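Given the structure is predicted, the values throughout are model-derived calculations rather than measurements.
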Amino acid sequence: VFRIAKNKVKQCQTDTMALRLFTQNIHKQEPEWSTLNNLTRQHMERFLLWFSDYSKDMKFQHNAYIISLRKFIEHIYRAEYPEAPKISPYRLLFKEDIPKVAYHEDSIKYIPEDILQQFDKNIENITPQEYIPVAIILRASGWRIADVLNLKYDTCLEHTSNGWYL
């Protein structure tokens, strides 16, 4: 419910489809289950193998579905829902289970230099002023706005021997 309230319709559709495909596949593997308590890496590998074939013609959606599934499993595990797997989500789905999407230089949209200069010149005029730190982080990091807005104030900086990092 939290993701439904927080995300756009398209993301909710992706989440719903990912969960539908996953639960249907798990039901075929384990028809007696009513929870994911006994979910193992082997179940996930069988699902990923099936899903790889199922989604072979939809590479972008493939990644989006696996990411949605990972977020779902992480959420129910962290929230300690009774239906959650007993095994950590990090032992169920590995980061290498999500194939890297190859980006082509033509698909990247850069902000023109003259616009960046205007931005730098007028950053102190942003209103309300509470948005200025967000604008500075956006400019300095090059991150997407959604990533910057999801930073947690008290945990977004890490201090190392080489300095501070987002």
Would you give the length of the straight line joining atom [atom1] of [X] to atom [atom2] of [Y], rounded to the nearest 0.5 angstrom?
X      : Y      : atom1 : atom2 : result
Phe22  : Phe72  : CZ    : CZ    : 8.0 Å
Tyr54  : Gln61  : OH    : CD    : 9.0 Å
Asp120 : Glu113 : CG    : CD    : 8.0 Å
Arg70  : Ile73  : CZ    : CD1   : 10.5 Å
Ile26  : Leu36  : CD1   : CG    : 7.0 Å
Thr14  : Leu69  : OG1   : CG    : 12.5 Å

With the side chain counted from C-beta on, respond yes when Tyr65 and Leu21 share a heavy-atom pair under 4.5 Å apart, and no when they do not.
->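 They are in contact (side-chain heavy atoms under 4.5 Å apart), so the answer is yes.
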
Give the C-alpha distance, both sets of side-chain angles, the deciding distance and a yes or no for side chain to side chain contact (heavy atoms under 4.5 Å, CB included) between His27 and Trp33.
-> CA-CA 7 Å; His27 180 69; Trp33 282 9; over 6 Å; no

Run the side-chain donor-acceptor check on residues 37-48: report pairs under 3.5 Å with partners two or more places apart or on a different chain.
residue: Asn37; atom: OD1; partner: Thr35; partner atom: OG1; Å: 3.1
residue: Asn37; atom: ND2; partner: Pro82; partner atom: O; Å: 2.8
residue: Asn37; atom: ND2; partner: Ala84; partner atom: O; Å: 2.6
residue: Thr40; atom: OG1; partner: Gln42; partner atom: N; Å: 3.3
residue: Thr40; atom: OG1; partner: Gln42; partner atom: OE1; Å: 3.2
residue: Thr40; atom: OG1; partner: His43; partner atom: N; Å: 3.3
residue: Thr40; atom: OG1; partner: His43; partner atom: ND1; Å: 2.8
residue: Arg41; atom: NE; partner: Glu45; partner atom: OE2; Å: 3.1
residue: Arg41; atom: NH1; partner: Leu92; partner atom: O; Å: 2.8
residue: Arg41; atom: NH1; partner: Asp97; partner atom: OD2; Å: 2.6
residue: Arg41; atom: NH2; partner: Asp97; partner atom: OD1; Å: 3.1
residue: Arg41; atom: NH2; partner: Asp97; partner atom: OD2; Å: 3.4
residue: His43; atom: ND1; partner: Thr40; partner atom: N; Å: 3.1
residue: His43; atom: NE2; partner: Glu30; partner atom: OE2; Å: 2.8
residue: Arg46; atom: NE; partner: Gln29; partner atom: OE1; Å: 2.9
residue: Arg46; atom: NH2; partner: Gln29; partner atom: OE1; Å: 3.2

Quick one: do Ser68 and Leu19 satisfy side chain to side chain contact (heavy atoms under 4.5 Å, CB included)? Show the steps, please.
-> CA-CA 8 Å; Ser68 288; Leu19 291 176; over 6 Å; no

Can you give the donor-acceptor pairs under 3.5 Å from side chains of residues 125-133 to other protein atoms, not counting sequence neighbours?
residue: Asn125; atom: ND2; partner: Asn122; partner atom: OD1; Å: 3.4

I would like to know whether Lys95 and Tyr90 meet side chain to side chain contact (heavy atoms under 4.5 Å, CB included); could you show each step before the answer?
-> CA-CA 8 Å; Lys95 68 178 181 180; Tyr90 305 105; over 6 Å; no

Is it the case that more than 12 heavy atoms not belonging to Tyr81 sit under 6.0 Å from its OH atom?
->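 Incorrect, the count does not exceed 12.
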
Greater than 12 external heavy atoms within 6.0 Å of Glu80's CD =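 No, because the 6.0 Å sphere around CD of Glu80 holds 12 heavy atoms or fewer from other groups.
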
Would you check if the side chain of Asn150 reaches a backbone N or O of Ala146 as a donor-acceptor pair within less than 3.5 Å?
->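 At least one qualifying donor-acceptor pair exists.
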
Checking Ser52 side chain against Leu49 main chain: does a donor-acceptor pair fall under 3.5 Å?
->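 No, the answer is negative, given that no donor and acceptor are paired below the 3.5 Å cut-off.
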
Is it true that the side chains of Asp15 and Gln11 contain a donor and an acceptor less than 3.5 Å apart?
->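 Note: Asp15 and Gln11 side chains meet the donor-acceptor criterion.
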
Kindly give the heavy-atom pair with the smallest separation between Phe119 and Ala135, and that separation in Å.
->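 Scanning both residues, the minimum pair turns out to be CZ-CB, 3.6 Å.
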
Are Phe94 and Tyr77 joined in one hydrophobic group, where the rule is that I, L, V, M, F, W and Y side chains link up if heavy atoms are under 4.5 Å apart?
->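 The answer is no; the residues belong to distinct hydrophobic clusters.
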
Can Ile123 be reached from Leu116 by stepping across I, L, V, M, F, W or Y side chains whose heavy atoms are under 4.5 Å apart?
->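 No, Leu116 and Ile123 fall in different hydrophobic clusters.
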
Step-by-step side chain to side chain contact (heavy atoms under 4.5 Å, CB included) determination, Ile136 to Arg139 | CA-CA 5 Å; Ile136 291 170; Arg139 177 70 170 105; 5.8 Å; no

